[in-house]
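Residues: numbered from 1 along the sequence shown.
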Amino acid sequence: MYERSITDSDDFWAEQAEALHWNKGWSAPLCQSNINVENGPVHISWFVGAETNMAYNCLDRHIEAGHGDRVAIFWEGNDEGEERVLTYSELKSMVCRIANYLKSLGVKRGSDVTMYMSLVPELPAAMLACARIGAVHSVVFGGFSAEALSGRILDSQPNVVITSSGTMRGPKPIGLKAIVDDALDICEKHGHTVQHVLMLEQLPLAEVGGSMKPGRDVTWREAVDSQSDECPVEWLPAEAPLFKLYTSGSTGKPKGVLHTTAGYMLGALVTTKYVFDVQPATDVYWCTADCGWITGHTYVAYGPLLLGATQVLFEGVPTWPDAGRCWSIVDKYKVTIVYTAPTAIRALHAKGDAYVTRYSRASLRLLGSVGEPINPEAWRWYHQVVGDGRCPIMDTWWQTETGGHMITPLPGATPLKPGSATLPFFGVEPVVLDEKGNELQGPCEGVLCIKKPWPSMMRTVAGDHARFEQTYFSAYKGYYFTGDGCRRDADGYYWITGRVDDVLNVSGHRIGTAEVESALVEHPSCVEAAVVGVEHPIKGQSIYAFVTLMTGVEPGDALRKELISTVRKIIGPFAAPDVIHWAPGLPKTRSGKIMRRVLRKIAAKEEDQLGDTSTLADPSVVQVLVELRGK
Ligand code: 6R9
């Protein structure tokens, strides 16, 4: 199948696309594109001429086939005992009610809608409601701060924001509406007024903060519950925008990765189907990702529903009320497929096997991993303890930009090697390039690029096509540049070695060093900051910040706390540095570029392996920094 997907790509994808409903067919060739900047503007289109609809394919199609009573979502809340069950018919009704309410506000084809919620069924339902009427959703992860949320709202300029009052995350209440209120105040100052805020009532506002602004804010009960259960589907061109999702890069502010309808839909369908071998009638699938990240888009909101499968949606955290929660959920719903991240696996491993072995987990048959390279030790624990040695692990390498799995095993077909994402998925042609951009052959190590467009590839950076071309297609002409380094072994297996740019991966979250640095310098006492990643046993990487203070400002623990809380406020708690290292000066080249390589070594206590420092403008800063470590 793989060979055919490369040599006979059009036929292959056309055949796969038959599983979906198309209101109108496409014209040949299936893919019309240019990804070589030297040949003109980069553009990518798939299924030109066709019309379809994502929500129809996720819901109506299954109901019309007689599966309306099948469970679409088993929802498990943060606290044990909080649970809801939604069948495909019930989910469709919810989606239609939201869509009708959005329509009543004037939301239509191409309108932007931002969502800021916890993982409740209303979140994927709101995404599907947008898809049903051709609106473009932008989900912002509920861990982002008001400032970060406002930046994303200002970028996409929606008229409507959907949120919830607030919810518990583990033992901690989170006031989502209060954060939205603050974000919208910031937006006002920048000249953008959001006209409508729809709020799901979870915890009372009196408990979690936030208020209802008359004329702007409405509750779910007032606005949505009374709407009709029927909302006609808007048939959309294949390349109609489906969503924007903001992600960090090595420079500047986060970019809105834009995905479109048909190609993304097909990618979500076939990867979920083949990589997880989902059997819709019998499997209970559970992806632990939040819908605020790409994994929660493709493998929670869309993939499983496109297949008509039953899934678990879990609002809480894996360690609440204790580290056995995930396995208790597995037993409770007889989960057969679990898809999670190495950081969660390592965190649970650290708590000991007893939390796992106290549950049967007999229903499990397949495990998945995503977000960062999985270290062989975590792989083995996941395989032997969680999966009792009988469940294969699908280590799936992909990105927000790729829309779906790119390098991954296929269960039963691909012999596994712990730590390797193994081989390319259908239609994907990875190449390993040297610094000059030459394709390396056989076993090698270099930069990972992709040779040809695939259906679920991002189409542009929202509002900034030049940045799209610059980021992904300029470094290596004629290829999509992933930003990852990679090794290929003698069996042709790929081993991702991590980012080659200034992007950190903290607990599977992508964070640009530039973003953290610019947050730190927002503090009045900080003149300059340089951020590097250091290895962390659970998080993969943790954030280590070198900070230069204004002349005359004394370093100290109070200031350290203030700097950390500045980052929490500007980006979000998950981007908080673990270490603030006072730096009277930073190692720079004569042209003024910070030498992060040197900082990484100092942070890792490996200054004996600094390598060539002859290009440093002032080599003495290194010794000063080493002496200030831990101070
Ligand atoms: C899906 C997702 C993408 C970056 C990617 C790479 C890292 C993701 C991985 C992996 C090794 C895996 N990454 N999966 N590295 N093995 N199985 O995580 O998207 O948040 O955009 O991050 O994550 O560095 O470039 P996103």
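- Both cation-pi conditions hold for R152 and F144: the charged atom is under 6.0 angstrom from the six-membered ring centre and inside a 45 degree cone around its axis.
- Side-chain atoms of L123 and V139, non-hydrogen and from C-beta on, do get closer than 4.5 Å to each other.
- Annotation: ring-ring contact (aromatic ring centres under 6.0 Å, His included) contacts of H349 (sequence neighbours excluded): W381.
- Listed by first then second residue, pairs satisfying ring-ring contact (aromatic ring centres under 6.0 Å, His included) with a partner in residues 433-466 read W454-Y480, H465-F468, not counting sequence neighbours.
- A side-chain donor-acceptor contact under 3.5 Å links S248 and E515.
- The aromatic rings of F243 and H297 lie tilted to each other, with the angle between the two planes from 30° to 60°.
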Only distances under 3.5 Å count here; give the side-chain donor-acceptor pairs of residues 540-551 to other protein atoms, sequence neighbours excluded, each with its distance to 0.1 Å.
residue, atom, partner, partner atom, Å
Q541, OE1, N505, N, 2.8
Y544, OH, H581, ND1, 2.7
T548, OG1, A583, O, 2.8

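- Legend: residues meeting ring-ring contact (aromatic ring centres under 6.0 Å, His included) with Y382, ordered by chain and number and at least two apart, are absent.
- Looking at W379 and D395, their side chains never bring a donor and an acceptor atom within 3.5 Å of each other.
- Side chains of T566 and E522: a donor-acceptor N/O pair is absent below 3.5 angstrom, by distance only.
- Although no hydrogens or angles enter the test, the distance criterion places no donor-acceptor pair under 3.5 Å between the side chain of R568 and the main chain of A575.
- Proximity of R499 to L504: side-chain heavy atoms (C-beta onward) are nowhere separated by under 4.5 Å.
- The six-membered or imidazole ring of W397 lies away from that of H405, with a centre-to-centre distance of 6.0 Å or more.
- At a threshold of 4.0 Å, the pair K417-D489 counts as salt-bridged, since one of the basic side-chain nitrogens sits closer than that to a carboxylate oxygen.
- Proximity of a side-chain donor or acceptor of S456 to a complementary backbone N or O of T402 within less than 3.5 Å is detected.
- Annotation: side chain of E439 is in contact with side chain of Y479 (closest heavy-atom distance under 4.5 Å).
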With a 3.5 Å cut-off and sequence neighbours excluded, list the donor-acceptor pairs that the side chains of residues 620-631 form with protein atoms.
residue, atom, partner, partner atom, Å
S620, OG, D618, OD1, 2.7
S620, OG, D618, OD2, 3.4
Q623, NE2, E627, OE2, 3.2
R629, NH1, I602, O, 2.8
R629, NH1, E607, OE1, 2.9
R629, NH2, E607, OE2, 3.0
K631, NZ, E627, O, 2.8

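- Side-chain N/O atoms of T396 and Y299 include no donor and acceptor closer than 3.5 Å.
- For T343 and E372, the side-chain atoms include no donor-acceptor pair closer than 3.5 Å.
- In terms of modelled atom types and a separation under 3.5 Å, the side chain of T513 and the main chain of D502 share a donor-acceptor contact.
- For N36 (side chain) and E38 (main-chain N/O), a donor-acceptor pair under 3.5 Å exists by modelled atom type.
- Formation of a donor-acceptor pair under 3.5 Å by the T497 side chain with backbone atoms of G485 is found in this model.
- For Y246, there are no ring-ring contact (aromatic ring centres under 6.0 Å, His included) partners two or more places apart in sequence or in a different chain.
- Classified by interplanar angle (parallel below 30°, tilted 30° to 60°, perpendicular above 60°), the ring pair Y476/F481 is tilted.
- A salt bridge is defined here as a Lys NZ or Arg NE, NH1 or NH2 lying under 4.0 Å from an Asp or Glu carboxylate O, and R600 with E535 fails to meet this definition.
- The number of heavy-atom neighbours closer than 6.0 Å to CD of Q470, taken from other residues, nucleotides and ligands shown, is 12 or below.
- Y264 and T298 share a side-chain donor-acceptor pair at under 3.5 Å.
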